[in-house]
Structure formats: C-alpha cells, structure tokens
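Notes follow once the structure below has been shown.
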Amino acid sequence: MADKADEKKITPRSQDFAAWYNEVVLRAELADYSPVRGCIVFRPQGFAIWENIQAELDRRIKRTGAQNAYFPLFIPESFIRKEATHVEGFSPELAVVTHGGGKQLEEPLVVRPTSETIINYMFAQWIKSYRDLPLMVNQWCNVVRWEMRTRVFLRTTEFLWQEGHTAHATREEAEQETLAILELYRDFCESYLAIPLVWGRKSAAERFAGAVETYSIEGLMGDGRALQCGTSHFLGQNFARAFEIRYLDQNNQLQYVWQTSWGVSTRLLGALVMVHGDDQGLRLPPTVAPTQAVIVPIWRKAEERKPVVDACREVYQNLCQVGVRVRVDEREGVTPGFKFNEWEMRGVPLRIEIGPRDIAAKVATLVRRDQTGPQGKLASPLERLAQSVTELLEDIQQSLYRQAKAAMDQATTEPQSFEELRAQMEGEGGGGFANVYWCGQPSCEEKIREETKASCRAIPLNQDVPQGPCIVCGQPAQERAFFAKAY
RNA sequence: CGGGGCGUGGCGCAGCCUGGUAGCGCACACGCUUGGGGUGCGUGUGGUCGCCGGUUCAAAUCCGGCCGCCCCGACCA
C-alpha cells in the first residue's frame, strides 16, 4: 500500500534534484523529449507559460521603443566569420546546412545560433544618417546551438527566445540602452516570474563572443546552483566595423554606430520550475500561470451533483468576469483527491473546492498552492468570492517571491577566505552565491573555477563598498563579485 | 574522445546464470463501485525481447559482431 502511494509521488527534491526536475517537467506536461537528441517538444501546458512570458515581455520591450521584425533562419557561413571573437565563440556549436534541393550549396548556410550577423548586415543597408538612429528591433524566434550536453529548458539544441538589437549614435546612448534592458529584465523576472536575482556585469571570461561588456541577471535554483536568466550586451563598435554600419552625423562626418543586443529564452521555464517547485510538483506565480484557479466540484450522491455543479459554474462565470484565468474540472470517474494532486503537479496557484457542505454554509473552500497544510486552506463567502480570489492571487504572487528570496538570501554568503569559499561549494550539496572581494585578475577567477567549480556570475553595478583583499591573491580589490556553481 | 552502465508492451522493471507457450506494476479501454487528499474490484487492449549472424529439434536466454541510449569526465556567450 505504501509502495503504491510512493509510485505516484515524484522523487523528493532534496533526494535527487536533477531527477526531481525532470519528473516535474514531464509529469506537469510542460515538455517532452523528441526523437532528435537535445531537442524538446513544448507541450500545451509549457507553451502556454511561454506565451504569457512573451505577451508581457513583448509589451515591455515595445514600451522602450523597439519594434518587432523577423530575420531569416539561415545565415551565410561567411557572415559568422566577419567578427573575429564571434566566430571563435560560436564555431564549435554551429549547425550547418550544406545541401538544398538535392544539390550541394555554393556557400553553406548556418542555422542561426543568434542573429547579430544577419541583422547587422541589414542594418548596414538601412542606416545612412543620424536621423535613422536609434534603430531598435526585436525578434521572437528559435535558435540552434549544438551543445555537447543538453538539459530540458536549460540547455537544448534548439530553443525559443527573444533577441533585441539596437544601433545608436553615441557610446553613451548604447551603454544606457544596455543597462535599461538589464533593468527591464530584472523587473520582469522579479515582479512577473517572482524570481529573485542578483545582477551585474560579467567578467571577461563569461562575456558574450563579440561584446565589449555583458550584463546578466542570475537566479538561484533550489539546489544552490545559479542560472543565467537573461543577458544584455554592449557591443561597442565591433559589429559596426565588421559590417560597415556607418551614418553621417550632423557635421556630415561618417561615424560607426554603437550597438547593443539582449535576450531571454525558454530557459526561464526551467528557472520557474527550479525556483518555485516543491515535492508536489510545479508552483506557478499567478501572473504567469495559464490557469490561475481551478474549481473542483465535490459531491457524493447523484442528487448532490446538480446543485454543486451549478454553483461551480456560477463561480466560474463570476471569476471570468473579473479577469481570473479559471477552469472547472468537471471530470467524472476521477476522485477529488486525484484532481487535487494533478492540479498541484501542474502548479495551479489556487484551488476552489465546492461541495454540499460549502453550499450549505454559502462558502467555497480555497486552497493555496504556495502553502501546505491547514494554513493554506480557508473558507470564503460566496458573495464576495471574486474579490477574495483576486486578493489571494496577488498575495500568492508576493508569497512565492518572498519564499524564493528567503531561500536565496539564506544561501548567499560573504566568505572571508578561499578555504571558506571552497567549503561552501564543496560536494553535491554545496552551492549558493558567494559574495567575495575579487581583484579582477582572470588568473584568480580561474583558480576559483578550477578548485571550487564556481564561476563568476555577476559583478554588481555602482558598488559603494570599502576596499578589501582579493579572496584568492590577497591583493587590494575594489569590487565584490558573486560566484556560484552554475547551470 | 576516455571510464562505467543499460537496451524486454507507452513508462518502470522481472525473466537470462540452468534454452522449452513472454510476465509483473503503472498507464490506457470498458463495467460496477467510490467521491472533502492519488477509491476498490473485475474484464480487456497492447510486445517479431535494439539489430545482424552463429550454435541448437528449439534462443529474450548461449556465442560473435554491430547499433543506440544514459551517467561521469573533457567541452559549453
């Protein structure tokens, strides 16, 4: 009997995080494996989350003045080679098409790993004058990177993302844009996805191939490892020079443009699972949840069925009217208990139970996904249910953020010595963010990576901290940086 | 590419040592039952046992070869 119950449960998160993660993704029906190695299928439950992310992010991006466009999937191989660092960074992971229409192609076509080259090729033709600037485009698309080792959502051969590309007249303006997008991503992740972050500049070793500076937002997953959740790059004039993107300024002088690029991907789905999920499955913040509330009718005798179902449908209508994404689970032949577990696995933030007892008392029983046990359960009068639900969803959003923030804060330390850092990162259970003084030398960063497996995740901006000794070499350091084991 | 492991209904596995009608749990279909935390019972669908060859009257099982997948390492803006 115990075995049978266990069979329906997933591997506990604390027992084997990787197994837990895979089981949640599969059982919540977010994604499935495909016949092609490293490629996944986004199932309706997972894709609906991505669509919500897209919709909200798209609004926010457009508010900055960027416009959506679409560039080709195929890029002439020679384009990738035009920017030296870029080609070095991407060559090993390119998928290349050599044949088409039954014939070998004159020039192989690269399946885009990112679209800097082809977009900038077009930019060069569109930009003539300072009056054409700034030029800001965004595209939602798929990209392909032939990774050696893949993980669902976190690193897949093909993934979906949004990539923004901008060109500006001045360095200052481009730098400002880079940071504005970083802030846009930060706010989006924290407020919309309820994922707390650290953020800042990347070290040279972690920088995007072809960028002058890379900035990122970094989340901390449930197992103590960091996940890069979005990047914003200041490209300087690297691509402008490679692709001859020049404009005439007010003084009739030819100038190279200054550029940025930035993106977030379907990796965010992985972050949602790993930040919020628990042993019951997924837990979704209400803002991004495709279904925010599910109504489960409960009845025993045949004559109880109609009043219960009628009450459920009425509540459904009322909630729809106030904009709650709600559904009624009227399936027969499965018990309420089964439904409870299933919707919990899928991460629905709020469950509304309506049975004969509730109807008699003129209430509905509300059960919040973010709290287990009796404290997550409350009776709410039917007459002001819509308001209660709306308020509860808001509260659940805050609560999920607070829980994640508390976990991140608890896992964030300020080790004073290299030994302390090493001890923190050691073993499977080791991890978290280590906020340390670092002199900025690549050799010290490399030593940390070699000996602790932790890499530099972000160097916070506008630091106002006293000088201290580099945690590796002891030389005076002006800055602190976050190190962590990363996905 | 190096080290380790595994290929048997959709999923997880047993059977292989000692050759003889391919089995269990879950899932799925139907019926009754049940229903406020994964209800129980019954009936049923579904597999050329990764591929090729060999030994044998007979191969999931023994032998040889090949292929694929997973884990660890190397690698990864």
Side-chain angles (χ1 to χ4, degrees), chain A residues 1-11 16 18-19 22-23 26-27 32-33 35-38 83 85-94 113-114 116 143 145-151 154-157 159 161 163 202-216 228 230-235 238 261-263 265 267 280-281 296-302 304-305 308 329-345 351-361 363-367 372-374 376-377 379 428 449 453 455-457 486-487:
Chain A
M1 209 46 195
D3 287 347
K4 210 163 189 175
D6 285 348
E7 220 165 85
K8 295 176 177 175
K9 286 194 163 53
I10 54 176
T11 303
D16 183 343
N22 285 329
E23 287 171 34
L26 258 28
R27 295 266 301 262
D32 205 350
Y33 295 102
V36 183
R37 196 192 100 89
E83 209 284 328
T85 332
H86 196 62
V87 60
E88 225 172 275
F90 280 113
S91 291
E93 49 187 88
L94 294 179
T114 178
E116 265 77 8
V143 289
R145 297 175 188 185
W146 219 264
E147 304 287 357
M148 302 185 87
R149 200 169 156 192
T150 59
R151 302 198 62 178
L154 307 179
R155 180 174 290 104
T156 48
T157 301
F159 57 92
W161 76 345
E163 52 177 323
K202 282 291 196 187
S203 67
E206 300 284 331
R207 200 178 286 149
F208 172 71
V212 174
E213 287 291 2
T214 289
Y215 301 85
S216 82
Q228 180 173 296
T231 50
S232 184
H233 312 291
F234 171 61
L235 302 175
N238 291 347
S261 72
W262 25 274
S265 73
R267 181 181 258 195
Q280 299 302 313
V296 180
I298 292 157
W299 49 277
R300 187 183 297 260
K301 306 178 202 108
E304 289 171 342
R305 181 173 175 272
V308 165
D329 187 349
E330 288 190 21
R331 283 178 299 172
E332 294 184 22
V334 281
T335 62
F338 182 89
K339 293 177 182 175
F340 297 169
N341 282 283
E342 188 171 87
W343 291 110
E344 279 169 10
M345 178 61 68
R351 180 172 77 240
I352 303 171
E353 304 174 13
I354 299 178
R357 296 208 298 260
D358 300 295
I359 292 176
V363 299
T365 302
L366 306 184
V367 185
T372 49
K377 208 164 187 170
E428 272 307 301
R449 211 178 63 83
K453 304 269 190 213
S455 54
C456 181
R457 304 319 305 161
Y487 273 101

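All figures in this text were calculated on a predicted structure; none of them were measured in a lab. Below, chains carry the letters A, B, ... as their sequence lines are ordered, and counting in each starts from 1.
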Fill in: Residue list, side chain to side chain contact (heavy atoms under 4.5 Å, CB included) with A:T150, at least two apart or on another chain
A:E147, A:T157

Worksheet item: Do A:T335 and B:G37 share a donor-acceptor pair, side chain to base, under 3.5 Å?
Response: no

Can you name the atoms? Protein N/O to nucleotides 67-75 of chain B N/O, anything below 3.5 Å, with the distance.
{"residue": "B:C72", "atom": "OP1", "partner": "A:R149", "partner atom": "NH2", "Å": "3.0"}
{"residue": "B:C72", "atom": "OP2", "partner": "A:R149", "partner atom": "NE", "Å": "3.4"}
{"residue": "B:C72", "atom": "OP2", "partner": "A:R149", "partner atom": "NH1", "Å": "3.1"}
{"residue": "B:C72", "atom": "OP2", "partner": "A:R149", "partner atom": "NH2", "Å": "2.0"}

Worksheet item: Excluding sequence neighbours, so at least two apart, what forms side chain to side chain donor-acceptor pair (under 3.5 Å) with A:T335?
Response: none

Worksheet, complete the sentence: Hits for side chain to side chain donor-acceptor pair (under 3.5 Å) against A:T365, two or more places apart or cross-chain, chain-then-number order -> A:D358

Item to complete: Classify the side chain of A:R305 and the base of B:G35 as holding, or not holding, a donor-acceptor pair under 3.5 Å.
Response: no

Practice prompt. For A:T114 and A:E163, run side chain to side chain contact (heavy atoms under 4.5 Å, CB included): C-alpha distance rounded to whole Å, both residues' side-chain angles, the deciding distance at 0.1 Å, then the answer.
Written response: CA-CA 8 Å; A:T114 178; A:E163 52 177 323; 3.5 Å; yes

Find every protein N or O atom lying less than 3.5 Å from an N or O atom of nucleotides 4-13 of chain B, and list the pairs.
none

Fill in: Which residues share a side chain to side chain contact (heavy atoms under 4.5 Å, CB included) with A:E213, sequence neighbours left out
A:R201, A:R207, A:Y215, A:F234

Worksheet entry | Residue list, side chain to side chain donor-acceptor pair (under 3.5 Å) with A:Q280, at least two apart or on another chain | none

Worksheet item: Can you name the side chain to side chain donor-acceptor pair (under 3.5 Å) partners of A:S261, sequence neighbours left out?
Response: A:E116

Practice prompt. Identify, with sequence neighbours excluded, every residue that meets side chain to side chain contact (heavy atoms under 4.5 Å, CB included) alongside A:A379.
Written response: A:V363

